[in-house]
Amino acid sequence: MLSEKSKSMKLPRNVLIGHKVIERSGELCQGLGLKGRVIVATGPKTRKVAGQWTADTLEENGYEPSIIEIQKASHSEVDEVVKIGKNLEVDFIIGVGGGKVIDVAKVASSKIGTPFISVPTAASHDGIASGRASIIDGEDKVSVESTPPNGIIADTYILAEAPWKLTCAGCADIISNYTAIKDWELARKLRNDEYSSYAAALSKMTAEELAANRDSIKKGLEESAWIVVKSLISSGVAMSIAGSSRPASGAEHKFSHMLDRIAPNPALHGEQCGVGSIMMMYLHGGDWKDLKYILKEIGAPVNAKELNIKPETIIKALTKAHKIRPERYTILGNEGLTEEAAKKLAEETEVI
Ligand SMILES: NC(=O)c1ccc[n+]([C@@H]2O[C@H](COP(=O)([O-])OP(=O)(O)OC[C@H]3O[C@@H](n4cnc5c(N)ncnc54)[C@H](O)[C@@H]3O)[C@@H](O)[C@H]2O)c1
Ligand SMILES: O=P(O)(O)OC[C@@H](O)CO
Ligand SMILES: [Zn+2]
């Protein structure tokens, strides 16, 4: 009954997208009523790209920034930020970097109970706006529930300057929503899994919009960065509406997480999800050739060679992928693929 049904959703409040909007970091933070001491969590590379610039801008606006460099998305890094944050009695945390830095900053702010501002330096993943975070937990790094950013500063000047490979990975993470949605619909039909038609529609529309605008996605263009980062934010909002990563994570993500576990040198998250999506679309009986064509036109990897991952590792990841998050039903079913079926799938889709 509707009267008994309730759901709470947290969504980002202030979003700034545009050329050199990092210069307006103070304005955004003041607009959110934030003041005082702030931790600027960034990476070794991204500190030079935008972390130091963000801290300097905040200082010019009367804030007291402390920069912390994050090496990887681990619990120990999160605990370190929490410890420093509590000692400094920070008022909020700002993450300036790729997906791993933003995830660590997101979880640390949630643990301390302070607001969090997301400043992506690459349009490489859809964690920019999501309420999820992927922190290494033993062998796994699937996303767990966290809190969405209170604000987002997406500087298209920085994003356009980022390595093109990162932008292509972000596009592939979005295109992989196609198969995530198919898996969600399948789980709803076969197991009556909880399903949000609104979140599913938003996630699918995000992939469709990106695919439709792919001709405008070109290396070094700020307009391209604008298109991609808007779709990444939209995908993250779909996850916040669903209260899970279901709208953006199906069997293709299980395949990617398994590659993260077994591949000697995994590729970028989005790159692996894109290749996984080609194969899962084949299993769904969908137009995998069209999905492959879209990824190729954007410039994202479409096979093992372009991922720089050996065929035998691809096959092994396919046969084990169903073990990731077993409670999330997908086209892989509960038993997963046999080795022969995995080899045939990877060959039929020209991945190996
Ligand atoms: N929380 C979520 O909802 C969510 C969603 C998708 C992915 N993720 C997570 O995000 C991570 C993937 O993010 P990623 O692909 O950005 O990987 P990443 O964070 O490892 O960044 C990749 C590399 O790009 C570099 N980089 C970033 N911006 C740069 C710039 N402007 N110039 C030069 N180098 C730059 C980083 O320093 C890093 O070396 C994974 O851990 C994944 O699980 C989380
Ligand atoms: O929950 P997971 O599978 O980590 O997915 C989150 C994100 O990668 C979706 O694009
Ligand atoms: Zn993803």
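We count ligands from 1, going down the list as the structure has it; atoms in each ligand are counted the same way.
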Nearest non-hydrogen protein atom to atom 4 (O) of ligand 2, with distance, is Ser143 N, 2.9 Å
Output field for angle at the Zn ion (ligand 3), His253.NE2 vs His269.NE2, rounded to 10°, should show 100°
So NZ of Lys230 and CD of Glu209: to nearest 0.5 Å the spacing works out to 8.0 Å
The protein heavy atom nearest to atom 35 (C) of ligand 1 is Leu166 CD1, 3.8 Å
Within 4.0 Å of some non-hydrogen atom of Asp173, the atoms of ligand 1 are 6 (C)
Does the side chain of Asn177 come under 3.5 Å of the side chain of Thr206 through a donor N or O and an acceptor N or O? no
Counting heavy atoms under 4.0 Å, the part of Arg132 that contacts ligand 1 is both
Checklist entry - Based purely on interatomic distance, does Gly97 place a nitrogen or oxygen under 3.5 Å from a nitrogen or oxygen of ligand 1? => result no
Nearest heavy-atom contact between Lys106 and Thr147 is CG-O, 3.3 Å
Salt-bridged, Lys344 to Glu347, with N to O below 4.0 Å?
-> no
A student checking ligand 1 against Lys45 at a 4.0 Å heavy-atom cut-off should list atoms 37 (O), 39 (O)
Worked check of salt bridge (Lys or Arg N to Asp or Glu O under 4.0 Å) between Arg132 and Asp126: CA-CA 10 Å; Arg132 312 288 299 174; Asp126 58 3; over 6 Å; no
Q. Side chains of Thr179 and Ser277: donor-acceptor distance under 3.5 Å anywhere?
A. yes
**Asked** Checking side-chain contact (heavy atoms from CB on, under 4.5 Å) for the pair Glu208/Tyr178: CA distance, chi angles, key distance, verdict?
**Response** CA-CA 8 Å; Glu208 287 167 343; Tyr178 278 120; 3.3 Å; yes
Check: Are any N, O or S atoms from Cys273 nearer to the Zn ion (ligand 3) than 2.8 Å?
Finding: no
re atom 10 (O) of ligand 1, the protein heavy-atom contact at minimum distance is Gly99 CA, 3.4 Å
Nearest non-hydrogen protein atom to atom 20 (O) of ligand 1, with distance, is Lys100 NZ, 2.8 Å
Shortest non-hydrogen pair, Val81 vs Ile68, comes out as CA-CD1, 4.2 Å
Logged contact type for Arg325 with ligand 2, heavy-atom cut-off 4.0 Å, is side chain
So for Ala248 against ligand 2, with non-hydrogen atoms under 4.0 Å, the contacting part is both
For Pro149 and Ile128, the nearest pair of non-hydrogen atoms, with its separation, is CG-O, 3.4 Å
Item to complete: Salt-bridge test for Glu77 and Lys72: reply yes if a basic N is under 4.0 Å from a carboxylate O, no otherwise.
Response: no
- request: Anything under 30° is parallel, anything over 60° is perpendicular, the rest tilted; go ahead and classify Tyr157 against Trp53.
  value: perpendicular
Among non-hydrogen protein atoms, atom 10 (O) of ligand 2 lies closest to Asp126 OD1, 2.7 Å
| query | Is there a heavy atom in Ala133 that sits closer than 4.0 Å to ligand 1? | reply | yes
The answer for which part of Thr46 has a heavy atom under 4.0 Å from ligand 1 is side chain
Near Ser130 (heavy-atom distance under 4.0 Å), the atoms of ligand 1 are 1 (N), 2 (C), 3 (O)
For Ser196 and Ile241 the tightest heavy-atom approach is OG-CG2, 4.1 Å
Closest non-hydrogen contact found for Ser224 with Ser216 is OG-O, 2.7 Å
>> At less than 2.8 Å, would any N/O/S atom of Asp173, backbone or side chain, sit next to the Zn ion (ligand 3)?
In response: yes
Per-atom filter on ligand 2: closer than 4.0 angstrom to a heavy atom of Asp173 are 10 (O)
Counting from 1 in the order shown, the ligand 1 atoms closer than 4.0 Å to a non-hydrogen atom of Asp126 are 5 (C), 6 (C)
Quick note on ligand 1: atoms under 4.0 Å from a heavy atom of Gly98 include exactly 16 (O), 19 (O)
For atom 12 (C) of ligand 1, the closest protein heavy atom turns out to be His269 CB, 3.9 Å
Does an N or O from Ser124, backbone or side chain, lie closer than 3.5 Å to an N or O of ligand 1?
yes
* With no hydrogens and no angle check, do the side chains of His253 and Asp183 hold a donor and an acceptor under 3.5 Å apart? -> no
On a heavy-atom basis, the closest approach of Ser134 and Ala73 is O-CB, 3.6 Å
Can you find an N/O atom of Arg132 closer than 3.5 Å to an N/O atom of ligand 2?
no
Got an N, O or S from His125 under 2.8 Å of the Zn ion (ligand 3)? no
| message | Any heavy-atom pair between the side chains of Met280 and Leu318 that's under 4.5 Å? | response | yes
The atoms of ligand 2 lying under 4.0 Å from a heavy atom of His257, numbered in the order shown, are 2 (P), 3 (O), 4 (O)
protein heavy-atom neighbour closest to atom 4 (C) of ligand 1 works out as Gly127 CA, 3.6 Å
closest protein heavy atom to atom 8 (O) of ligand 2 is His269 NE2, 3.0 Å
Side-chain H-bond candidate by donor/acceptor type, Glu222 with His19, under 3.5 Å
yes
| With a 4.0 Å cut-off on heavy atoms, is Pro163 touching ligand 1? | yes
>> Quiz question: by atom type and distance under 3.5 Å, do the side chains of Asn61 and Glu27 form a donor-acceptor pair?
In response: no
At under 4.0 Å between heavy atoms, what of Val49 touches ligand 1? The answer is side chain
Near Thr121 (heavy-atom distance under 4.0 Å), the atoms of ligand 1 are 27 (C), 28 (N), 29 (C), 30 (C), 31 (N)
The protein heavy atom nearest to atom 44 (C) of ligand 1 is Asp103 OD2, 3.2 Å
For atom 40 (C) of ligand 1, the closest protein heavy atom turns out to be Lys141 NZ, 3.5 Å
